[in-house]
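Notes follow once the structure below has been shown.
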Amino acid sequence: MLLLNINLKAQSKAPNYSSFYPGEIWKDTDGNHINAHGGGIMFKDGTYYWYGEHKGKSSLARVGITVYSSKDLYNWENEGVALSVAKDPDSEITSGSVMERPKVVFNEKTGQYVMWFHLELKGQGYAAARTGVAVSDSPTGPFTYLKSYRPNSGKWPKNFKEAWKETPKGGDPEDWWTPKWRKALNEGMFVRRDFEKGQMSRDMTIYIDTDGIAYHITSSEENQTLHISKLTDDYLNFTGEWVRVQPGGQNEAPAVFERDGYYYMITSGLTGWEPNAARSFRAKSIMGPWEKLGNPARGKYADKTFFSQSTFILPVQGKEDEFIFMADRWKPKNHIDGRYIWLPLEWENEKPVIRWKDNWAL
Ligand code: GAL
């Protein structure tokens, strides 16, 4: 009997992967489909840590942010819940809130692991548009929730005209999508509206520059414009130094990386859980200006980014010039079945491109 049990357990174990299978069920070392959606990866002391949204059938946070570890990027061990939803119904991260796109970075100065994530308050849909921060002394947590922000309250962006700081005579247009509305949006209507209470923050990522400075990159202004903000040295707060990127460009799901003195960003368009064509950008400085490079996807279903949405770009350690494009294939009818689309970044005329692969290895 005992022997049989051991055998059964062994059978449910994951295969020992030596390559990636984008879009397939991806089992952890216990044999369960990895539950770390909208994720990001941190590398520390020879180990990769993958943080992501734990999802059930619905996408509301009932468990929190999970963490998995791996040495080879193929085989992942479930390290449990890094940041748990709170039992306290008054907590901002209570069960039933929305906790998305977690990104963890290590702060060399404080020795702390810092997690940022998109936070929506329970029962408010996506109206709160906040960004939350948590800390831990260990990469696997438990993380302690600190607070959430509407970023850059009372601070104008660096690339903002003096004239835009005042609401035009006659007020801002109320009807959306008209040419007037687009012009007002470009000229900072939502920045003005949210100046006191802080700017909206939905899909986001964190990028640590080569000099150790951290940047918070987020979809703001009703998801119409990206905001890139410099964080404080402890990575826990906003400095008030920030820029708007691609006003009215409707970019979400930002993922940033650096290569040969250029910063690159891959984003998606704005169609919720439905896939759309990815976009890519390049800049000499994180704070811009960012130049459009177009859809990085190539081949069949490039117009849908192979039915996925970007979440992170992972520089493979110890391999020069090897980056993995990480994306989610959402399953909004049963979120736990969401799939991971990891593809190698390739280069075409100095532009990052991605091509579908059923199976590939580093
Ligand atoms: C997507 C976004 C996801 C999630 C979803 C909710 O556009 O990228 O992270 O917020 O909308 O509809």
Side-chain angles (χ1 to χ4, degrees), residues 34-41 50-66 83 85 92-93 96-104 115-132 148 150-151 199-207 216-227 245-246 248-256 265-281 295-297 303-313 325-342:
I34 293 171
N35 198 334
H37 308 270
I41 287 185
W50 174 356
Y51 303 85
E53 309 158 11
H54 177 282
K55 289 192 185 289
K57 194 170 165 53
S58 103
S59 75
L60 295 178
R62 298 290 181 199
V63 171
I65 304 303
T66 50
L83 173 64
V85 295
E92 290 188 331
I93 59 165
S97 63
V98 171
M99 297 164 74
E100 290 182 340
R101 299 186 175 273
K103 302 292 171 317
V104 173
M115 178 191 292
W116 285 86
F117 60 99
H118 170 198
L119 173 69
E120 296 292 347
L121 304 178
K122 184 180 175 180
Q124 299 184 22
Y126 279 80
R130 305 185 71 83
T131 184
S148 71
R150 271 298 193 91
Q199 302 297 320
M200 299 176 87
S201 182
R202 292 208 180 102
D203 282 8
M204 45 69 62
T205 194
I206 299 289
Y207 179 75
H216 182 274
I217 298 124
T218 193
S219 185
S220 188
E221 301 181 35
E222 306 288 351
N223 299 348
Q224 302 296 311
T225 301
L226 287 170
H227 289 180
V245 175
Q246 302 281 325
Q250 302 195 318
N251 288 288
E252 280 200 316
V256 175
M265 178 160 55
I266 295 185
T267 67
S268 76
L270 203 73
T271 51
W273 302 118
E274 295 303 318
N276 56 52
R279 298 97 177 269
S280 61
F281 304 89
N295 182 354
D303 59 333
K304 298 279 185 239
T305 319
F306 318 114
F307 307 104
S308 73
Q309 185 184 29
S310 46
T311 184
F312 198 72
I313 310 273
F325 169 78
M326 291 170 52
D328 293 280
R329 181 175 289 171
W330 303 113
K331 298 283 177 93
K333 291 200 178 100
N334 185 24
H335 273 284
I336 195 171
D337 189 37
R339 305 300 171 87
Y340 308 103
I341 306 298
W342 289 24

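Just so it is clear, the model here is predicted, and its values are computed rather than measured. Start at 1 and go down the list; that is how both ligands and their atoms are numbered.
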Sub-3.5 Å N/O-N/O distance, T271 and ligand 1: no
Minimum heavy-atom distance between T311 and K103, given as atom pair plus value: O-CE, 3.4 Å
F307 vs R339 side-chain heavy atoms within contact, under 4.5 Å: no
For atom 9 (O) of ligand 1, the protein heavy atom that lies nearest, with its residue and separation: R101 NE, 3.0 Å
Given Q224, R150, H227, the one that forms side-chain contact (heavy atoms from CB on, under 4.5 Å) with M200: R150
Taking atom 8 (O) of ligand 1 as the reference point, the nearest protein heavy atom with its distance: D203 OD2, 2.5 Å
For ligand 1, the portion of R202 having any non-hydrogen atom under 4.0 Å away: neither
Heteroatom distance test (H118, ligand 1): nitrogen or oxygen, under 3.5 angstrom: no
Ligand 1 N/O within reach of E53 N/O, cut-off under 3.5 Å: no
W330-ligand 1 polar pair, N/O distance under 3.5 Å: no
Shortest protein contact, atom 1 (C) of ligand 1 (heavy atom only): G272 O, 3.4 Å
N/O donor-acceptor pair under 3.5 Å between Q309 side chain and P275 backbone: no
side-chain contact (heavy atoms from CB on, under 4.5 Å) partners for T66, two or more places apart: A36, H54, Y68
Among E252, H118, R130, R101, side-chain contact (heavy atoms from CB on, under 4.5 Å) partner for R202: H118
Salt-bridge contact K304-E274 (side-chain N to carboxylate O under 4.0 Å): no
For atom 10 (O) of ligand 1, closest protein heavy-atom neighbour: E100 OE1, 2.7 Å
Heavy atom of the protein closest to atom 7 (O) of ligand 1 (residue, atom name, distance): E252 OE1, 2.4 Å
